[in-house]
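Here's the structure we're looking at; comments come further down.
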Amino acid sequence: METNSPKRVNFGFNFNNSYLTLPPVFYKRQTPSPVKNPKITLLNSALANSLGLAADQIEQNGAAYLSGNSIFSGAEPIAQAYAGHQFGGFNMLGDGRAILLGEHITPNGQRVDIQLKGSGITPYSRSGDGRAALGPMLREYIISEAMAALGIATTRSLAVTTTGEYVYRDAAYPGAILTRVAASHIRVGTFQYAAALQKPQHLQSLADYVIHRHFPEITDSDDKYLQLLNRVIDLQAALIAQWMNVGFIHGVMNTDNMSICGETIDYGPCAFMNTYHPETVFSSIDTNGRYAFGNQPNIAHWNLIRLAESLLPLIDPSEEQAIEMVTISLQAFPGKFFAFWLGGMRKKLGLFNEEAEDQQLAEALLTYMQNNKADFTNTFSLLGNVALQAQGIFKDEAFKQWFSQWQSRLARQAQPIADSIKLMQTVNPKLIPRNNLVEEVLSAAVNSDDMAPLNDLLSAIADPYSDADRPAKYTQAPAQEVDQQYKTFCGT
Ligand code: AMP
Ligand code: MG
């Protein structure tokens with residue numbers, strides 16, 4: 001008798017491709033283009049197992065599949081159509097270098113997209129080569145997994161597979177394919193695409209599909225399309241507040257890079273802020289600071305207005321009436337964002353209850369950090385670490401003033417300081433994937449074929465709130481000159 005547990009066939013995949021029920025204008029069937037010599041260079045076994053996939057089988061035999069040379073049984077590869085405002089200008093887009101293999105249903109019934117990014121040209125590739133370079137794919141893996149560990153909604157990275165081919169940008173780079181897992185890849189730009197088709201039935205199909213897939217609780221509402229807008233507004237308000245609470249800069253918040261289900265998506269020129277300043281921009285292409293750290297809530301609002309415009313025909317037959325209705329919803333965004341943000345700041349400061357002056361208390365700390373070029377992550381992390389409070393900013397007069405205001409505030413709540421410290425430790429990360437560290441490990445991986453530093457960094461960021469001892473290089477802020485010169489690139 002067979003005593004071992006049964007081998008999971010098909011690597012554990014269980015595809016059910018509901019996107020294909022949409023009108024065919026929403027996608028083109030497209031198989032990935034074969035690559036020369038696929039090798040899995042990074043596999044997220046923990047994620048694979050949590051999705052009900054057989055990590056060991058993928059590791060042994062999966063390279064052909066994760067490169068697109070072979071197709072998992074049940075996958076029905078497509079490229080998705082979408083549009084988007086890129087830096088404010090509208091374009092028809094679509095998956096130009098990504099292919100959706102299909103939707104996997106996990107053992108607990110969760111539906112996730114499985115996408116290959118960098119898998120060859122599609123009908124939406126325009127002049128692009130459909131490929132991706134190893135560095136940027138490893139970078140997306142690191143940052144998205146860091147975001148997940150921080151507790152922020154995000155697409156996930158299942159694997160990076162090298163292709164054995166070069167891609168040509170400013171120079172030749174090793175090519176790679178990222179296997180991306182997402183609750184879905186439906187974007188604000190997918191609705192803009194549907195609206196641009198000017199066929200109301202297509203727009204309605206998409207909206208009904210999204211409601212069914214992501215917001216089934218509103219299916220029976222009389223005003224379900226307005227509720228759809230409201231749900232996306234709520235999710236984005238919560239998401240952007242979380243970004244702002246950890247110092248994350250997305251870098252390219254085009255409407256095609258904003259997910260309908262509230263996940264952080266499309267990690268290109270993103271980065272974590274070191275020295276606190278709201279005008280911080282790292283992206284080499286964001287020359288006007290449109291997507292600067294402090295501008296992210298405004299841009300999210302702007303993007304949501306584009307979503308609302310797309311939904312107008314579904315919301316009311318009278319455009320005037322529809323505009324009136326969405327305006328009320330949209331006007332609520334700044335307040336909703338602010339409530340999430342302040343709620344996050346209260347936790348970062350160990351506050352359990354609410355006082356009217358909490359906003360001022362939080363903003364005073366940020367102003368102090370800005371004026372004194374303080375490190376965002378370490379300032380909050382040190383606040384919760386009494387043992388380390390003899391150093392750095394804790395000796396500064398202006399900071400001492402703020403500190404005593406904060407101490408009085410803590411004393412006015414019922415909970416003891418020890419509880420506040422515990423609360424703070426659950427939201428103030430000890431470490432983030434700092435730009436200098438990320439560059440260092442990418443350079444070792446890409447230039448020296450050495451994945452060890454990258455894997456070490458991944459283990460460190462997997463547990464960002466723990467008290468565990470870590471090498472100082474993981475928590476040290478980089479020199480300010482280095483930080484100021486740091487630039488990120490799209491890598492497309
Ligand atoms: P992104 O800036 O990554 O959000 O991409 C914007 C658009 O350009 C999307 O439609 C992408 O699919 C497309 N794109 C980016 N890089 C490439 C590439 N190398 N080949 C083809 N299309 C690309
Ligand atoms: Mg994109």
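We count ligands from 1, going down the list as the structure has it; atoms in each ligand are counted the same way. We number each residue from 1, following the sequence as shown. All figures in this text were calculated on a predicted structure; none of them were measured in a lab.
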- request: Please state whether the rings of Y168 and Y166 are parallel, tilted or perpendicular, taking 30° and 60° as the class boundaries.
  value: tilted
query: Which is it for D129 and ligand 1 at heavy atoms under 4.0 Å: side chain, backbone, both or neither?
result: both
- prompt: Does any N or O atom in D95 lie less than 3.5 angstrom from one in ligand 1, N or O only?
  reply: no
statement: Logged contact type for Y124 with ligand 1, heavy-atom cut-off 4.0 Å, is neither
- request: Number the atoms of ligand 1 from 1 as they appear, then name those within less than 4.0 Å of a heavy atom of N257, with their elements.
  value: 4 (O)
query: Under 4.5 Å between any side-chain heavy atoms of F272 and T377, yes or no?
result: no
query: What part of N254, side chain from CB on, backbone N/CA/C/O, both or neither, has a heavy atom under 4.0 Å from ligand 1?
result: neither
query: Can you name the N/O/S atom of D266 that is nearest the Mg ion (ligand 2)?
result: OD2
Proximity to ligand 1 by part of R131, non-hydrogen separation under 4.0 Å: backbone
query: Quick check: does N257 have an N/O/S atom under 2.8 Å of the Mg ion (ligand 2)?
result: yes
- prompt: Cation over ring, R231 on F215, under 6.0 Å and within 45°?
  reply: no
- prompt: Side-chain contact, heavy-atom cut-off 4.5 Å: P478 with N435?
  reply: no
query: Is ligand 1 under 4.0 Å from a heavy atom in the side chain of R169, in the backbone, in both, or in neither?
result: side chain
- request: Check step by step if side-chain hydrogen bond (donor to acceptor under 3.5 Å, both in side chains) holds for S144 and S157.
  value: CA-CA 7 Å; S144 63; S157 297; 2.8 Å; yes
query: Quick one: do R169 and D129 make a salt bridge, cutoff under 4.0 Å?
result: yes
- request: Could you walk me through whether E439 and Y486 pass the side-chain hydrogen bond (donor to acceptor under 3.5 Å, both in side chains) test, one step at a time?
  value: CA-CA 10 Å; E439 291 310 317; Y486 184 70; 2.5 Å; yes
message: Within ligand 1, which atoms have a heavy atom of Q86 less than 4.0 Å away?
response: 6 (C)
Heavy-atom gap D256 to ligand 1 smaller than 4.0 Å: yes
message: Among I260, V210, L22, L206, which residue satisfies the side-chain contact (heavy atoms from CB on, under 4.5 Å) criterion with T190?
response: L206
message: Only heavy atoms of D266, strictly under 4.0 Å: list the atoms of ligand 1 that pass.
response: 4 (O)
- prompt: With a cut-off of 4.0 Å, which atoms of ligand 1 are near a heavy atom of G128?
  reply: 20 (N), 21 (C)
- prompt: What atoms of ligand 1 come closer than 4.0 angstrom to any heavy atom of Y82?
  reply: 9 (C), 10 (O), 12 (O)
field: Where ligand 1 meets L93 - atom numbers and elements under 4.0 angstrom, heavy-atom basis
entry: 10 (O)
